[in-house]
Each structure stands twice: as structure tokens, then as C-alpha cells.
Amino acid sequence: MPINEDKFAERYGPWALINGGSDGLGAAFAEEIAKRGVNLVLVARRQGPLDDVAGRMRERHDVQVRTISLDLGASDAAGRLGEATADLDLGLVVFNAGADSSGERFLDLGQEARNVLIRRNILFLTEALHLFGTRLRSAGRGGLIVVGSEAAFGGGARGALYTATKGFALNLCESLWAEMKPCGVDVLTLLFRIADTPTLREALARKSIPIEATGALAPERLARETIRALPDGPVYNFDDDGTGSALTDPDLRRARVLDVTAQLEGFYGTD
């Protein structure tokens, strides 16, 4: 079902919250959402880049923009976001944080580095999805977008903890899609191999690898296509090759989620 552009602001506005909204894919999402007439709350650690994106959105699209400087790895990050947006009618939340460019082997990864990744990619995501999902369910409309990764499909050396956290996010959000679709709330996980982001460019620069050699996708294209796919969850896999793999094909993944849901409802359901 293609997105209804004429009713986008009515369904997903009047405010959208974007975590990781200071550059790269987060800034691209801000552009796509603001041009549809939805006000923005942009969240990231660095205030300067946040202010730059906010200024552009106000100037180009005449929308209201709030900025929140916050480390999403902090133990109270989800609660603080909830408090900071309590007065707003949120219709859309975009989770765009969680990249890891260290490439450390698991046994060489220090405790603090492990904890930071787990707090941001698992604990924060879990608490924030619960908090904002509850708000959207009460409103009976809206959407949740989680920027995931094809790393969720399996592990590999130098990516053990990162791929594990992305697998967690994928399973959680597919389940949440099945639970919230009947409530009028769309849930979509974006999957892709590699995108042209500041984090990627920094990692490539350390190895003197040009961005052109990676085939990285433009953030603007990813954001645009993800917004269009929002009603058709639970996943949008930008790089699916159409071969009908049960692992990567969005339609087959949707069918599996529905099948598992029916089984679990039959076992646990009481109504």
C-alpha cells in the first residue's frame, strides 16, 4: 500500500522525533518529514550540528524544530526524551542511532565499549519503543521507523556484538509490527548493507579507502524510499535482490511474522 502523501501530516504528525538527527541518514529523514509539513524534534549528542540541521529545516519548510542534545547511551535517555516531548502530539518516531565502526574482535572489546553498545542498541531502543509505542497506541495512529542493518541476518568476525544487537532489534520490531498494526500504528525496520554517512567516511579515512569504492547508498535516497514504504512493514530491505530468499525478502519475512503471530496467539491468546 503506497503512502498517502496528502494525509501524511494527519497520520504521522504534527510532530516527529528523530534520534540521531544531526547528520547523515538522520538529517535526510528530517528533510523528508519536514517537507511533508511535520514539525521536528531532533536528537543527537552534539548541539552544533543539531542547530545546523534545525536551521535548514525551518528555512526550507517553515516547520517548528526543537533540538535535544543527549547521549542515547545514557541510562536515563529514554525517560528524558519522554519528558522533553511530553507536551507534544507525536505521530512519528525515527530511531537512527547505533552504528559501530570500531571493528574490534569481541574478546578485545573493553567492558565500557561493550556496555555503550548494549545500552544504546538494546536498552535504550527497548525502553524508547515501549514508551513511544504506548503513546502512539493510545492515539490510535502514527509510525515507528527503526534504522537497522543487514548485519541482523548473521554474525561475523569483528562484528559479533554489533550484529547481535541488530538481530535483537529486527526481531523486536517485527514482533512490534504485528502487535501494533491492528492499533493503527505502522512499524518499519529499514535494512541495508552500507550507506554514505559521516561515521562510514571516518572509518574509511582511517584505511585510506575512498567512499566511491564501497557502493554506499545516498542517505537521501534511503530516507525517501523508507518513508514511502512505511505502511508496508515490518521490514524494508533496500538491497533485496528479488531471489525469494526467506531471510532477506520483505514479503516472505512478513508472511513468517504473521504465521508465528497466529501460532503464539493460538497458544497464549485469551480473547
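All values below were derived from every heavy atom in this structure, side-chain atoms included, with hydrogens, water molecules and symmetry-related copies excluded. Just so you know, residue 1 is the first one in the sequence shown, and it goes up from there.
Scanning all heavy atoms of the two residues, the minimum distance from Tyr12 to Pro231 falls at OH-CG, 4.1 Å. Pairing each heavy atom of Leu125 with each of Ala169, the nearest pair is CD2-CB, 3.6 Å. In plain terms, the two heavy atoms of Ala84 and Ile68 that are nearest each other are CB-CD1, 3.6 Å. Between Ser149 and Tyr162, the shortest heavy-atom distance links the atoms CB-OH, 3.7 Å. The two atoms that bring Thr163 and Ala160 nearest to each other are OG1-O, 3.1 Å, heavy atoms only. Heavy atoms only, all atoms of each residue included: Asp251 and Asp249 are closest at N-OD1, 2.8 Å.
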Give the table of side-chain donor-acceptor pairs shorter than 3.5 Å for residues 15-30, with sequence neighbours excluded, one pair per line with atom names and distance.
residue: Asp23; atom: OD2; partner: Arg46; partner atom: NH2; Å: 3.1

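With contacts defined as side-chain heavy-atom distances shorter than 4.5 Å, the pair Val65/Leu42 qualifies. Looking at heavy atoms from C-beta onward, Glu104 lies out of side-chain contact with Arg158 at the 4.5 angstrom threshold. Considering only heavy atoms from C-beta on, Arg253 comes within 4.5 Å of Leu247 through its side chain. Two residues are said to be in side-chain contact when any heavy atoms from C-beta on lie closer than 4.5 Å; Asp186 and Trp177 fail this criterion. The shortest distance between side-chain heavy atoms of Glu31 and Arg60 falls below 4.5 Å. Here the side chains of Val185 and Arg141 are not in contact, with every heavy-atom distance at 4.5 Å or above. Contact check for Thr67 versus Val43: no side-chain heavy atoms found under the 4.5 Å cut-off. Contact of the Asp240 side chain with the Phe192 side chain is not registered, since no non-hydrogen atoms from C-beta on lie closer than 4.5 Å.
No continuous path of ILVMFWY side-chain contacts below 4.5 Å connects Leu170 to Tyr236, so the two sit in separate hydrophobic clusters. With hydrophobic clusters built from ILVMFWY side chains whose heavy atoms lie under 4.5 angstrom apart, Phe153 does not share a cluster with Val257. Taken together through direct or relayed side-chain contacts under 4.5 Å among Ile, Leu, Val, Met, Phe, Trp and Tyr, Phe168 and Val116 form parts of separate hydrophobic clusters.
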ask   = Please walk me through it: do Leu161 and Arg114 pass side-chain contact (heavy atoms from CB on, under 4.5 Å)?
value = CA-CA 8 Å; Leu161 193 54; Arg114 298 196 306 271; 4.0 Å; yes
message = Between Arg45 and Leu50, does the side-chain contact (heavy atoms from CB on, under 4.5 Å) criterion hold? Intermediate values first, please.
response = CA-CA 8 Å; Arg45 284 180 297 176; Leu50 278 175; over 6 Å; no
inquiry  = Quick one, Thr248 with Asn237, criterion side-chain hydrogen bond (donor to acceptor under 3.5 Å, both in side chains). Give me CA distance, side-chain angles, the key distance, then yes/no.
reply    = CA-CA 7 Å; Thr248 62; Asn237 185 4; 4.5 Å; no
From CA spacing to verdict: side-chain contact (heavy atoms from CB on, under 4.5 Å), Arg135, Thr85 = CA-CA 11 Å; Arg135 285 173 61 170; Thr85 61; 3.1 Å; yes
request  = List the steps, then state whether side-chain contact (heavy atoms from CB on, under 4.5 Å) holds for Leu72 with Leu81.
outcome  = CA-CA 9 Å; Leu72 299 180; Leu81 280 185; 4.2 Å; yes
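A distance of 12.5 Å separates OG1 in Thr261 from CZ in Arg254, rounded to the nearest 0.5 Å. Within the model, atoms CZ of Phe106 and CG of Asp108 stand 10.5 Å from one another, a figure rounded to the nearest 0.5 Å. From Leu190, atom CG reaches atom CG of Asn96 across 9.0 Å, with rounding to the nearest 0.5 Å. Here CG of Asp62 is found 12.5 Å from CE of Met57. Values are rounded to the nearest 0.5 Å. From Thr189, atom OG1 reaches atom CG of Leu191 across 6.5 Å, with rounding to the nearest 0.5 Å. Note that the CD1 atom of Ile122 and the NZ atom of Lys166 stand 10.5 Å from one another [nearest 0.5 Å].
With Ile33 as the partner, the side-chain contact (heavy atoms from CB on, under 4.5 Å) test is satisfied by one option alone out of Asn39, Val63, Ile145, Leu40: Leu40. Residue Cys173 forms a side-chain contact (heavy atoms from CB on, under 4.5 Å) with just one option from Leu188, Leu129, Val235, and that option is Leu129.
Ion pairing between Asp87 and Arg66 holds under the 4.0 Å rule for side-chain N and carboxylate O. Electrostatic pairing of Glu5 and Arg36 counts as a salt bridge here, judged by a charged N lying under 4.0 Å from a carboxylate O. Ion pairing between Arg228 and Glu225 holds under the 4.0 Å rule for side-chain N and carboxylate O.
Judged purely by atom type and a 3.5 angstrom limit, Asp239 uses its side chain to pair as donor or acceptor with the backbone of Arg193. Under a 3.5 Å cut-off, the side chain of Arg119 and the backbone N or O of Gly73 do form a donor-acceptor pair. No donor-acceptor pair closer than 3.5 Å links the side chain of Asp76 to the backbone N or O of Gly79.
Here Phe238 pairs with nothing under the ring-ring contact (aromatic ring centres under 6.0 Å, His included) rule; sequence neighbours left out. For Phe124, there are no ring-ring contact (aromatic ring centres under 6.0 Å, His included) partners, not counting sequence neighbours.
Residue-environment remark: CD (Glu112) exceeds the threshold of 12 foreign heavy atoms within 6.0 Å.
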